[in-house]
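One structure is given below, encoded as structure tokens.
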Amino acid sequence: MNQAPTPSFLPTGRTRVLSIIGHPIKQVRSPIAVNTELAHRGIDAVLVPIDIEAGALGAFFTVLRAFENTPGAIVTIPHKIASAGYVDALSDRARRLGAVNMVRRLPGGRLEGDMSDGLGFLTAAAQQGVSARGKSVAVFGGGAVGRAILLACCEAGASRVAFHEPDGDRRAALQRLADSAGFADRVTLDAISTYPEADIAVNASPLGMRPDDPLPFAPDRLASGVHVADVVTEPEISPLLAAARACGLTVQTGRAMAEAQRDIQLTFFGLDKPAGEPA
């Protein structure tokens with residue numbers, strides 16, 4: 001008789017439970033990557049996905065404050081902006097962006113938020129030898145991830161960051177961010193017409209998660225040598241990236257961006273070393 005395989009990790013009463021929240025949540029890949037890394041490092045912790053609708057977000061953070069054996073929560077779409085309103089303190093970066101993708105629980109239930117999407121985007125690009133310095137970047141989508149990419153690319157020395165965002169409130173938020181960060185001279189809202197001139201073209205919207213979604217832009221209008229990135233994690237090769245590859249362009253997946261943030265996240269939550277090991 002065949003026996004079921006023995007799990008490589010069994011939670012105990014001492015296990016720290018980190019969560020990742022979103023709606024939907026089935027597309028996230030972080031639990032696989034993070035749990036594999038935690039097991040590799042011998043850290044008694046686990047990351048679990050939790051599907052939370054927008055109306056239940058406040059209740060989740062109430063529970064998080066009382067959750068004694070959690071280091072906090074990773075936040076994914078569509079909750080990054082709303083979650084910033086439930087924490088007690090924000091990093092300077094998260095405060096400027098008005099969004100978080102990591103919320104750390106401190107003793108007593110105090111919550112602190114930070115936003116690492118922009119760093120993850122740049123790190124994933126650097127792993128392919130691509131830098132934003134001196135480059136023209138076109139970004140489709142002005143939500144939390146788009147804002148993070150704006151800030152990160154401008155801080156990295158991009159010559160221009162052009163956006164396409166149909167929602168008026170989000171366009172206004174992008175402009176406020178550019179003004180407050182001192183990058184107004186490099187940020188425009190005309191990517192829909194100027195993206196063929198870009199060196200780096202990014203989909204920072206959810207387009208591509210569903211099979212009937214239209215492409216956010218046409219890769220065949222881009223010049224050879226342009227780097228095309230997508231923040232969508234499932235499917236790994238989105239329709240946009242498949243089309244870009246067919247045009248001979250280099251591509252960057254949403255999974256690569258997510259995995260590039262893994263070490264940042266583990267350090268933020270104090271899960272980079274086994275309990276009791278000196279920092």
Side-chain angles (χ1 to χ4, degrees), residues 75 77-104 112-205 216-217 226-231 252 257 260-261 263-265 267-268:
V75 182
I77 58 172
H79 300 320
K80 295 180 182 183
I81 293 173
S83 292
Y86 290 100
V87 305
D88 301 300
L90 296 169
S91 68
D92 287 344
R93 176 173 51 227
R95 179 180 50 77
R96 278 185 171 179
L97 295 171
V100 297
N101 73 336
M102 307 183 293
V103 176
R104 175 168 56 201
E112 293 181 344
D114 200 356
M115 181 64 163
S116 62
D117 278 339
L119 299 178
F121 173 81
L122 292 180
T123 300
Q127 290 169 351
Q128 295 193 50
V130 176
S131 168
R133 180 169 295 279
K135 302 292 178 58
S136 174
V137 184
V139 183
F140 284 70
V145 181
R147 295 181 200 176
I149 291 172
L150 181 161
L151 191 61
C153 286
C154 285
E155 290 179 340
S159 60
R160 180 186 182 196
V161 183
F163 279 86
H164 174 62
E165 172 51 64
D167 182 82
D169 290 340
R170 289 188 172 188
R171 286 198 303 272
L174 287 166
Q175 195 63 63
R176 287 194 300 271
L177 172 60
D179 292 343
S180 66
F183 300 132
D185 59 331
R186 286 188 273 163
V187 175
T188 65
L189 298 173
D190 57 356
I192 192 66
S193 59
T194 63
Y195 79 89
E197 305 165 11
D199 303 300
I200 300 171
V202 186
N203 174 38
S205 79
F217 55 89
V226 172
H227 184 66
V228 179
D230 202 330
V231 304
Q252 176 179 317
M257 175 177 156
Q261 298 179 66
D263 288 345
I264 297 171
Q265 291 168 340
T267 299
F268 179 79

Separation between [atom1] of [X] and [atom2] of [Y], rounded to the nearest 0.5 Å:
X	Y	atom1	atom2	answer
H164	D190	NE2	CG	11.0 Å
K80	L97	NZ	CG	10.5 Å
I264	T123	CD1	OG1	5.5 Å
I81	N101	CD1	CG	12.0 Å
D185	S159	CG	OG	10.5 Å
D199	R160	CG	CZ	11.0 Å

For [Y], is there any backbone N or O sitting under 3.5 Å from a side-chain donor or acceptor partner on [X]?
X	Y	result
R93	M115	yes
S116	L119	no
R186	A158	yes
R171	E165	yes
R147	L177	no
Q252	A125	yes

Legend entry - Residues R176, D179: salt bridge by 4.0 Å N-O rule: no
Inset, instruction - Check the pair Q261 / M102 against side chain to side chain contact (heavy atoms under 4.5 Å, CB included), numbers first and verdict last. - result: CA-CA 11 Å; Q261 298 179 66; M102 307 183 293; 6.0 Å; no
Measure across [X] and [Y] and return the closest heavy-atom pair with its distance rounded to 0.1 Å.
X	Y	result
A198	V226	O-CG2, 3.2 Å
I149	A204	CD1-CB, 4.3 Å
L90	A84	CD2-O, 4.2 Å
F121	A229	CE1-CB, 3.7 Å
A260	A124	CB-N, 3.9 Å
G113	A94	O-CB, 3.9 Å

Legend entry - Trace of the side chain to side chain contact (heavy atoms under 4.5 Å, CB included) decision for F217 with V228: CA-CA 11 Å; F217 55 89; V228 179; 4.0 Å; yes
Inset, instruction - Please report the C-alpha distance between V187 and L174 in whole Å, then the side-chain angles of each, then the deciding distance to 0.1 Å, and finally whether the side chain to side chain contact (heavy atoms under 4.5 Å, CB included) criterion is met. - result: CA-CA 9 Å; V187 175; L174 287 166; 5.6 Å; no
Legend entry - Residue pair V103, Y86: steps toward the side chain to side chain contact (heavy atoms under 4.5 Å, CB included) verdict: CA-CA 10 Å; V103 176; Y86 290 100; over 6 Å; no
Legend entry - Side chain to side chain, L150 and V139, heavy atoms closer than 4.5 Å: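 Heavy-atom side-chain distance check fails, nothing below 4.5 Å.
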